[in-house]
2 protein chains.
Amino acid sequence: MAKRVAERTELLPPLAELFREYGFEAASLALIGERTGLGKGSLYHFFPGGKEEMANAVLDEIDGWFEHEVFRPLREGPDPNRAVAEMLVAVDAYFRSGRRVCLVGALALAETRNRFAERIKAYFADWDRALARALERAGWSPEEAAALSRETLALIQGALVLARALDDPEIFGRLLANLKVRLALGPAQSSSRGQG
Amino acid sequence: MAKRVAERTELLPPLAELFREYGFEAASLALIGERTGLGKGSLYHFFPGGKEEMANAVLDEIDGWFEHEVFRPLREGPDPNRAVAEMLVAVDAYFRSGRRVCLVGALALAETRNRFAERIKAYFADWDRALARALERAGWSPEEAAALSRETLALIQGALVLARALDDPEIFGRLLANLKVRLALGPAQSSSRGQG
DNA sequence: TCAAGATTTTACCGATTGGTACACAGGAGC
DNA sequence: GCTCCTGTGTACCAATCGGTAAAATCTTGA
């Protein structure tokens with residue numbers, strides 16, 4: 001048989017997609033083998049730790065992507081308003097305009113939540129911190145920035161759930177558009193409305 | 001052995017909790033037997049269709065609860081603003097202030113999505129229609145009502161994801177409180193801000 | 001040409017999966 | 001007492017699960 005010389009890194013995208021589609025438990029080794037074209041032997045050659053190592057590698061890659069494409073620009077970008085706007089663009093692209101599910105969010109709800117709990121927590125905590133900081137730099141008060149950041153993350157995750165549940169990806173784009181307006185309006189107009 | 005004379009309906013709550021905790025696939029018959037105290041024989045006596053029938057029965061009950069406690073008051077309640085406010089109270093109670101996950105939302109993201117796709121879709125579509133209608137009756141324009149309804153559902157679902165992911169149930173209550181303010185403010189103040 | 005290392009195939013393992021079959025227990029009506 | 005009927009417990013099934021072992025194959029460098 002021909003040698004495939006597969007790279008570990010090029011296995012990550014199909015693995016990620018598989019975990020997104022089926023979840024951690026239901027993505028069986030048989031399915032993984034079928035999708036990647038690799039037998040168990042090869043899979044365990046690249047990932048001696050089995051499925052768990054595969055999932056962790058996928059989460060590593062996701063972490064890295066968001067850190068580089070979203071979190072860092074939010075924290076360090078010279079123009080916070082632009083960083084926030086670009087976050088929405090990146091998010092829309094990443095989630096394929098609602099056709100793709102957030103693996104981290106899905107794992108948070110799934111049975112395997114305990115196994116990856118810390119990574120899931122870190123992912124959302126990082127995002128939340130970075131976004132809140134950008135909003136503060138954009139002029140929102142710390143309290144407003146914190147609340148709006150949480151609300152933004154919740155809306156993104158909820159939009160993915162709804163888009164999937166209603167089988168209508170466009171819901172995601174519409175909700176993201178509303179979000180963009182609210183974030184772009186800035187603190188000036190909204191400071192008048194009381195917080196509670 | 002003593003006869004338990006278990007009722008089918010009294011099996012639904014533990015089954016629902018089990019599916020919420022583990023998801024459909026990972027809630028094994030062994031686990032179900034352990035939690036309900038019933039052997040396979042009894043379980044298949046009440047649910048000849050196996051796990052799938054159990055899940056459908058649970059979804060039926062959830063549907064019924066929301067129809068009675070949330071959807072119908074939204075559609076037919078004499079005071080739409082009060083119905084919306086009471087929806088938030090009911091939702092907070094149902095999801096145990098963020099400590100409980102939405103089974104329908106979790107199934108929407110999970111591997112089993114295709115198996116229950118229509119029921120999941122119907123659940124959210126019913127909710128969305130009922131809420132949008134109440135908002136219209138409360139004075140929002142049809143377009144605003146539709147958008148706000150979607151946004152509300154997304155925020156609720158996303159809040160559950162975040163509360164679970166960050167292991168902080170209080171996030172749910174805080175996001176629900178913000179939501180309450182926005183919904184209670186009514187269309188008057190918000191009609192000035194452009195939609196896009 | 002040949003050895004060394006990397007990759008892949010194949011066969012196999014024990015455990016667990018959802019599901020079936022059936023013998024058995026207990027109460028209700030006669 | 002007897003017989004239904006509703007539950008229940010248990011043994012069993014093939015299929016699949018994640019994972020292991022090792023032989024076989026390929027690539028590479030000397």
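Residue Phe47(A) contributes atom CZ, which lies 18 Å from atom C1' of dT20(D) at whole-angstrom precision. Remark: P of dG18(C) and CD of Glu53(B) are 16 Å apart, rounded to the nearest angstrom. In this structure, Glu25(B) atom CD and dG18(C) atom C1' are separated by 11 Å, rounded to whole Å. Atom CG of Leu43(A) and atom P of dT8(C) are 9 Å apart (whole Å). Rounded to whole Å, the distance from CD on Glu52(A) to P on dG19(D) is 8 Å. Here dC17(D) presents its P atom at 16 Å from CG of Leu29(B), a figure rounded to the nearest Å. Rounded to a whole Å, the CE atom of Met54(B) is 9 Å from the P atom of dG18(C). For the pair Tyr22(B) OH and dT17(C) C1', the computed distance is 16 Å after rounding to whole Å.
Across all strands shown, Gly41(B) has heavy atoms under 4.0 Å from base atoms, whether or not it also approaches the sugar-phosphate.
Closest approach to the Tyr44(B) side chain among dC17(D), dT20(D), dG18(C) is made by dG18(C) (side chain taken as heavy atoms from C-beta onward). Of all nucleotides listed (dG18(C), dG7(D), dG18(D)), dG7(D) comes nearest to the side chain of His45(B). Comparing atom distances between the Phe46(B) side chain and each of dC12(D), dG19(D), dG7(D) picks out dG7(D) as nearest.
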For residues 157-177 of chain B, which side-chain N or O atoms pair as donor and acceptor with protein atoms under 3.5 Å away, sequence neighbours left out?
unit_1	atom_1	unit_2	atom_2	d
Arg164(B)	NH2	Arg99(B)	O	3.4
Asp168(B)	OD1	Glu170(B)	N	3.3

Can I get a per-line list of side-chain donor-acceptor pairs under 3.5 Å for residues 53-61 of chain A, giving both atom names and the distance, sequence neighbours left out?
unit_1	atom_1	unit_2	atom_2	d
Glu53(A)	OE1	Gly49(A)	N	2.6
Glu53(A)	OE2	Arg8(A)	NH1	3.1
Asn56(A)	OD1	Arg119(A)	NH1	3.3
Asn56(A)	ND2	Glu52(A)	O	3.2
Asp60(A)	OD1	Arg119(A)	NH1	3.2
Asp60(A)	OD1	Arg119(A)	NH2	2.6

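Residue Ser28(A) has a polar side-chain atom (N or O) positioned under 4.0 Å from OP1 or OP2 of dC17(D). Contact annotation: Lys51(A) reaches the phosphate of dG18(D) (side-chain N/O to OP1 or OP2, under 4.0 Å).
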So Leu179(B) and Ile156(B), side chain to side chain contact (heavy atoms under 4.5 Å, CB included) or not? Walk me through it. CA-CA 9 Å; Leu179(B) 193 53; Ile156(B) 291 171; 4.1 Å; yes
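In this structure, Trp127(A) and Phe124(A) have parallel ring planes: the angle between them is below the 30° cut-off, well short of the 60° mark.
Arg82(A) CZ: 12 or fewer foreign heavy atoms inside a 6.0 Å radius.
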